[in-house]
Amino acid sequence: MIALGARNAILAQYQALSKNHLKVSSAVAKPNARGHRNDTLPWFWSMDVARDAEANNWMMEFYRVHWLWSKALKDCWEEEVELIRSEANWTKNFFKFKAHFWANKEESSGDASANQCQACYAARQSIIYGRLRDHCYKEFEEE
């Protein structure tokens with residue numbers, strides 16, 4: 001098309017084809033087939049040449065199936081984002097709980113010499129979990 005001297009508007013509409021654009025989609029024939037979760041349609045399927053979707057029920061079904069696949073994929077990613085945010089909060093809360101738990105253990109150990117080892121261990125654990133908690137709060141800040 002470049003050699004033919006096509007205008008920029010036409011060149012923007014028609015993109016370069018590659019071999020993977022020309023694969024046949026089995027979306028309508030086998031809508032529940034495995035391995036098509038992340039499939040997307042090549043750019044030329046969105047051109048709607050002469051309203052082919054309105055004139056042909058098969059094409060309308062083809063577009064409908066691919067639209068549903070795309071929506072399901074979008075929904076999966078939104079759910080994944082929500083789960084990651086929740087896991088970040090659970091991790092922060094866990095480290096906060098453990099830091100508090102070991103700080104309480106340190107305080108309840110008392111001053112007896114037999115409990116000094118336990119108090120030192122509890123103090124060290126409290127510091128470790130406090131640092132992990134602080135690191136989580138720093139790394140998982142909402143933007």
Side-chain angles (χ1 to χ4, degrees), residues 1-3 6-54 56-143:
M1 293 179 75
I2 295 171
R7 295 187 314 264
N8 286 338
I10 292 183
L11 291 175
Q13 183 180 4
Y14 298 102
Q15 302 167 13
L17 285 176
S18 65
K19 278 191 171 188
N20 64 350
H21 288 149
L22 303 176
K23 290 181 182 174
V24 175
S25 176
S26 61
V28 176
K30 297 178 187 173
N32 296 327
R34 301 187 97 180
H36 296 289
R37 179 178 180 181
N38 295 322
D39 286 354
T40 56
L41 289 175
W43 61 270
F44 55 81
W45 285 105
S46 61
M47 291 180 59
D48 197 19
V49 178
R51 306 272 182 231
D52 60 353
E54 294 172 7
N56 189 337
N57 287 338
W58 188 89
M59 286 303 292
M60 184 58 93
E61 183 69 16
F62 182 80
Y63 287 134
R64 187 177 296 122
V65 168
H66 278 283
W67 183 88
L68 289 170
W69 275 359
S70 297
K71 182 177 181 332
L73 185 62
K74 176 187 167 280
D75 292 346
C76 283
W77 283 112
E78 286 176 352
E79 181 182 357
E80 191 67 29
V81 167
E82 182 62 33
L83 284 173
I84 289 172
R85 285 186 180 140
S86 295
E87 288 174 2
N89 287 329
W90 298 333
T91 303
K92 289 190 295 189
N93 290 338
F94 173 77
F95 289 141
K96 182 179 176 182
F97 167 78
K98 290 301 252 184
H100 185 66
F101 172 82
W102 285 108
N104 286 343
K105 284 283 190 190
E106 178 187 3
E107 290 173 8
S108 67
S109 294
D111 292 332
S113 62
N115 290 338
Q116 278 184 330
C117 292
Q118 291 176 352
C120 282
Y121 181 78
R124 180 67 180 146
Q125 291 297 100
S126 177
I127 289 170
I128 289 170
Y129 281 109
R131 286 180 182 166
L132 289 169
R133 175 202 57 216
D134 294 343
H135 181 71
C136 284
Y137 275 95
K138 180 183 160 200
E139 292 297 320
F140 299 148
E141 275 183 353
E142 294 289 329
E143 294 182 10

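Residues meeting the side chain to side chain contact (heavy atoms under 4.5 Å, CB included) test with Lys74, sequence neighbours left out: Glu78. Not counting sequence neighbours, the partners of Ala122 by the side chain to side chain contact (heavy atoms under 4.5 Å, CB included) test are Trp102, Lys105, Glu106. Considering only residues two or more places apart in sequence or on other chains, Asn104 meets the side-chain hydrogen bond (donor to acceptor under 3.5 Å, both in side chains) condition with His100. In this view, Asp75 and Lys71 satisfy the side-chain hydrogen bond (donor to acceptor under 3.5 Å, both in side chains) rule, not counting sequence neighbours. Looking at residues two or more places apart in sequence or on another chain, you find a side chain to side chain contact (heavy atoms under 4.5 Å, CB included) between Thr91 and Phe95, Cys136, Phe140. Taking Ile84 as the reference, Glu80 meet the side chain to side chain contact (heavy atoms under 4.5 Å, CB included) condition, with sequence neighbours excluded. Scored by the salt bridge (charged side-chain N to carboxylate O under 4.0 Å, His left out) test, Glu82 finds no partners at all (sequence neighbours excluded).
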* Please test Val81 against Trp77 for side chain to side chain contact (heavy atoms under 4.5 Å, CB included), starting from the C-alpha separation and ending with a verdict. => CA-CA 6 Å; Val81 167; Trp77 283 112; 5.6 Å; no

* Assess whether side chain to side chain contact (heavy atoms under 4.5 Å, CB included) is satisfied between Phe97 and Tyr129, documenting all intermediate values. => CA-CA 9 Å; Phe97 167 78; Tyr129 281 109; over 6 Å; no

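The neighbour count for Glu79 CD, taken as heavy atoms of other residues, nucleotides or ligands under 6.0 Å away, does not exceed 12.
Within the structure, salt bridge (Lys or Arg N to Asp or Glu O under 4.0 Å) pairs that include any residue of residues 90-101 do not occur (at least two apart or interchain). For residues 126-138, no residue pair satisfies the salt bridge (Lys or Arg N to Asp or Glu O under 4.0 Å) rule, not counting sequence neighbours.
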